[in-house]
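Working notes, structure below.
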Amino acid sequence: MPLVAAAVCPHPPLIVPELAGAAAPELAELRAACTAAVTALHTAGAGTVVLVGAGERTVELDLPRQGSFAPWGLPLAVRLGGGPAPTDPGSGDDRLPLSLLVGAWLVDRVAPPTSVAWRMVSIGSDEPVDRCAALGAGLRVDGPWALLVLGDGSSCHGPKAPGYDDPRAGAYDEGVARALADADTDALLDLDPVVSAQLGAAGRPAWQVLAGAVRAAGGDWRGELRHHSRPYGVGYLVASWSPPAGTDGAGTGGAAR
């Protein structure tokens with residue numbers, strides 16, 4: 001069934017205002033861009049939204065699924081599927097990968113206009129390019145659907161960055177930004193897994209899942225880069241992708257295993 005939209009958002013824990021504390025205003029524009037990107041998925045008419053983010057292994061997670069920001073200092077639980085999160089953040093904690101934990105927090109902030117089904121796919125951080133692309137091309141979804149792709153850029157922007165300074169980081173993230181702005185699947189699939197890992201670019205496998213899904217959908221997709229910053233030495237990119245006007249994607253394939 002048709003892939004009708006895609007969004008790319010980063011997954012820093014500090015995107016949660018209560019966790020960021022006094023630094024929360026610094027990421028206000030990032031949050032607003034993410035909200036707009038998620039809202040666009042609903043506006044496109046998606047009946048199902050598939051969240052994809054890097055994790056320890058490649059697997060589609062059963063829902064409902066709950067995670068907590070407690071490891072990052074905030075006793076806040078988020079839950080996707082099956083109703084609201086329990087008040088006890090430690091109750092039934094499924095230890096979601098950070099990417100999908102933040103993704104669940106993002107979608108919880110944006111109420112869809114109609115009932116939406118959710119799915120979660122963890123993609124192993126070390127998956128090769130062809131496997132990532134095949135996973136995207138192979139997603140099977142009933143009805144119109146959308147992708148929410150979670151991934152940070154390089155963590156090596158400057159000497160105080162989490163991954164320390166690497167002079168390649170700027171060019172790497174600029175290349176990703178151009179690819180997202182242009183809906184350039186070739187450029188995303190050209191990202192080298194080894195270089196990406198050296199630069200701490202956690203988004204690489206999820207971006208390549210996106211590329212595979214859009215290639216399978218076909219058509220001349222359009223991209224919009226909504227945000228690009230690196231306030232704490234990590235690249236944060238937000239983008240929206242949509243199929244050609246007057247057409248739908250035609251994604252096919254099978255779920256992750």
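What you are looking at is a predicted structure, and each value in this text was computed from that prediction instead of being measured.
- At least one donor-acceptor pair under 3.5 Å links the side chain of D192 to the backbone N or O of V194.
- Within the 4.5 Å cutoff, no side-chain heavy atoms of L100 are placed close to those of R65.
- Among residue pairs with one or both ends in residues 195-207, none qualify as salt bridge (charged side-chain N to carboxylate O under 4.0 Å, His left out); sequence neighbours excluded.
- Within a 6.0 Å sphere centred on CZ of R57, other residues, nucleotides and ligands contribute 12 heavy atoms or fewer.
- In this structure a side-chain-to-backbone donor-acceptor pair under 3.5 Å is missing from R230 to A161.
- Side-chain contact between L80 and V107 is present, with at least one heavy-atom pair separated by less than 4.5 Å.
- Heavy-atom minimum distance, G163 versus C156: O-SG, 3.4 Å.
- Counting non-hydrogen atoms of neighbouring residues, nucleotides and ligands closer than 6.0 angstrom, the CG atom of D186 exceeds 12 such neighbours.
- For S240 and R226, the side-chain atoms include at least one donor-acceptor pair closer than 3.5 Å.
- Taking a 6.0 Å sphere around CD of E224, one finds it holds more than 12 heavy atoms contributed by other residues, nucleotides or ligands.
- With rounding to the nearest 0.5 Å, the separation of OG in S229 from CG in L237 is 8.0 Å.
- Environment of CD in E56: sparse, with no more than 12 heavy atoms of neighbouring residues, nucleotides or ligands closer than 6.0 Å.
- A distance of 11.0 Å separates CH2 in W221 from OG1 in T185, rounded to the nearest 0.5 Å.
- When all heavy atoms are compared, the tightest approach of A46 to V116 is O-CG2, 4.0 Å.
- A distance of 15.5 Å separates CH2 of W118 from CG of L61, quoted to the nearest 0.5 Å.
- Here the closest heavy-atom approach between residue V4 and residue P144 is recorded as CG1-CB, 3.8 Å.
- With R222 contributing its side chain and P243 its backbone, the two residues share a donor-acceptor pair below 3.5 Å.
- Using modelled atom types and a 3.5 Å distance limit, the side chains of Q208 and R131 yield no donor-acceptor pair.
- A donor and an acceptor atom, one from each side chain of D173 and H228, are nowhere located under 3.5 Å apart.
- Under the 3.5 Å distance criterion, the side-chain polar atoms of E60 are left unmatched by any main-chain donor or acceptor of S122.
- S242 places no side-chain N or O within 3.5 Å of a backbone atom of A5 that could act as its donor or acceptor partner.
- For the atom pair CG (L139) and CG (L3), the distance works out to 9.0 Å, reported to the nearest 0.5 Å.
- For the 3.5 Å distance criterion, the side chains of Y172 and S196 qualify, holding a donor opposite an acceptor.
- D165 approaches H157 most closely through the heavy-atom pair OD1-C, 4.3 Å.
- The backbone N or O of V234 sits nowhere less than 3.5 Å from a side-chain atom of S155 that would complete a donor-acceptor pair.
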